[in-house]
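In what follows, a structure is listed as structure tokens, so that the remarks can point back to it.
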Amino acid sequence: MAWPIFRTEGVTKVYDTGEVQVHALAGVDLTLFAGELAVLLGPSGSGKSTLLNILGGLDRASSGHVWFRDTDLTALRERGLTRFRRDHVGFVFQFYNLVPSLSARENVQLVTDVAREPMPPEEALGLVGLSHRMDHFPAEMSGGEQQRVAIARAIAKRPEVLLCDEPTGALDSKTGIQVLEALKDINDRFGTTTVVITHNAAIRKMAHRVVRFQDGRITEVEVNETRLAPHEIVW
Ligand SMILES: Nc1ncnc2c1ncn2[C@@H]1O[C@H](COP(=O)(O)OP(=O)(O)OP(=O)(O)O)[C@@H](O)[C@H]1O
Ligand SMILES: [Mg+2]
């Protein structure tokens, strides 16, 4: 876990909504290391999603810098940012965003058809424990299974980073733990740098490092000397 994969310096984000300006990020300096699993905690509105979206190139900082390795994302034009996203980043969101009319396999294929060196959809689904659900449609799967399809879709292009915004937010604890086990397994196997935003403080125990947010700033970064496996976490 030696070298930085992301580094932010003085990142701010101001949303201008016409009447009021919202200062979503008020100067964020953060380094994320290759291969780590980081959990981002903080109250609602503290800026977690805003930062994640900027790291993933879905949004832009208002000021400051964001480096992905040696590339300053804030200097990229739209096309460069799109390429960065496509080549390097997998996203997992709270609501799985699967295409309802496509099977699990076909949902993953949407990504593998356009990725540079993807794994076969069957392999990606196998990695999240869904070999037996390949031909099921989203409506035929549990929330946890649908989220695991979303994870398979995100990892099938072999991204270096996996950015997860409340991946268990819509799940009960049992299925949530299965989803977290899948994320941990990907991180262990491939060394995919993984960022998990959560409201559930118990989940911090599976992280290498825990980053706490408040009012658009990082208030604390904590290293876990010992980690728990998701199935050992009680919530
Ligand atoms: N598109 C937007 N336009 C205006 N304000 C926004 C926009 N997106 C976020 N905000 C504001 O920026 C602040 C940070 O929002 P953000 O979504 O990053 O918080 P969060 O920590 O992810 O919260 P939650 O835990 O509720 O998801 C909030 O005050 C929010 O209202
Ligand atoms: Mg959020």
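Counting starts at 1 for both ligands and their atoms, following the listed order. Position 1 is the first residue of the sequence, and the numbers go up from there.
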Show the atoms of ligand 1 that are less than 4.0 angstrom away from any heavy atom in [X].
X      : answer
Thr50  : 14 (C), 15 (O), 16 (P), 18 (O)
Pro43  : 21 (O)
Val22  : 11 (C), 12 (O), 29 (O)
Thr17  : 4 (C)
His199 : 25 (O)

| query | Could you go step by step and tell me if Arg105 and Glu122 meet the salt bridge (Lys or Arg N to Asp or Glu O under 4.0 Å) rule? | reply | CA-CA 7 Å; Arg105 186 200 314 261; Glu122 294 75 15; 2.7 Å; yes

Considering only NZ, NE, NH1 and NH2 on the basic side and carboxylate oxygens on the acidic side, decide whether [X] and [Y] come within less than 4.0 Å.
X      : Y      : value
Glu78  : Arg60  : yes
Glu140 : Arg133 : no
Arg158 : Glu117 : no

| said: Taking distance alone, with N or O pairs closer than 3.5 Å, would you say Ala24 contacts ligand 1? | reply: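 In fact, backbone or side chain, Ala24 has no N or O that close.
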
| field | Non-hydrogen protein atom less than 4.0 angstrom from atom 20 (P) of ligand 1 | value |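 Yes, at least one protein heavy atom sits under 4.0 Å from atom 20 (P) of ligand 1.
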
| said: Tell me whether atom 30 (C) of ligand 1 lies less than 4.0 Å from at least one protein heavy-atom position. | reply: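 No; the ligand atom in question lacks any protein heavy-atom contact below 4.0 Å.
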
| field | Metal proximity, Ser44 vs the Mg ion (ligand 2), N/O/S cut-off 2.8 Å | value |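 No N, O or S atom of Ser44 is closer than 2.8 Å to the Mg ion (ligand 2), so no.
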
To check your reading of the model: name the closest protein heavy atom to [atom], its residue, and the distance in Å.
atom                    : result
atom 27 (O) of ligand 1 : Ser49 OG, 3.9 Å
atom 14 (C) of ligand 1 : Gly45 O, 3.4 Å
atom 9 (C) of ligand 1  : Tyr15 CE1, 3.4 Å
atom 25 (O) of ligand 1 : Lys48 NZ, 2.8 Å
atom 26 (O) of ligand 1 : Ser44 OG, 2.6 Å

| query | Are the side chain of Thr8 and the backbone of Val11 linked by a donor-acceptor contact shorter than 3.5 Å? | reply |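 No; zero donor-acceptor contacts below 3.5 Å.
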
| field | Parallel, tilted or perpendicular: rings of Phe84 and Phe6 (30°, 60°) | value |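 Correct class here is perpendicular.
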
| field | Close approach of Gly47 to ligand 1, heavy atoms, under 4.0 angstrom | value |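 Yes, Gly47 has heavy atoms under 4.0 Å from ligand 1.
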
| field | Arg227 CZ: over 12 foreign heavy atoms closer than 6.0 Å | value |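 Counting other residues, nucleotides and ligands, CZ of Arg227 exceeds 12 neighbours.
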
| task | Using a cut-off of 6.0 Å, state whether more than 12 heavy atoms not belonging to Asp87 lie near its atom CG. | result |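 Atom CG in Asp87 is packed in, count exceeds 12.
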
| query | Which atom names give the shortest non-hydrogen contact between Ala154 and Leu162, and what distance separates them? | reply |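 What the structure gives for the nearest pair is CB-CD1, 3.6 Å.
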
| So, Phe93 versus Phe95, ring centres under 6.0 angstrom or not? |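 Phe93 vs Phe95: aromatic centres not under 6.0 Å.
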
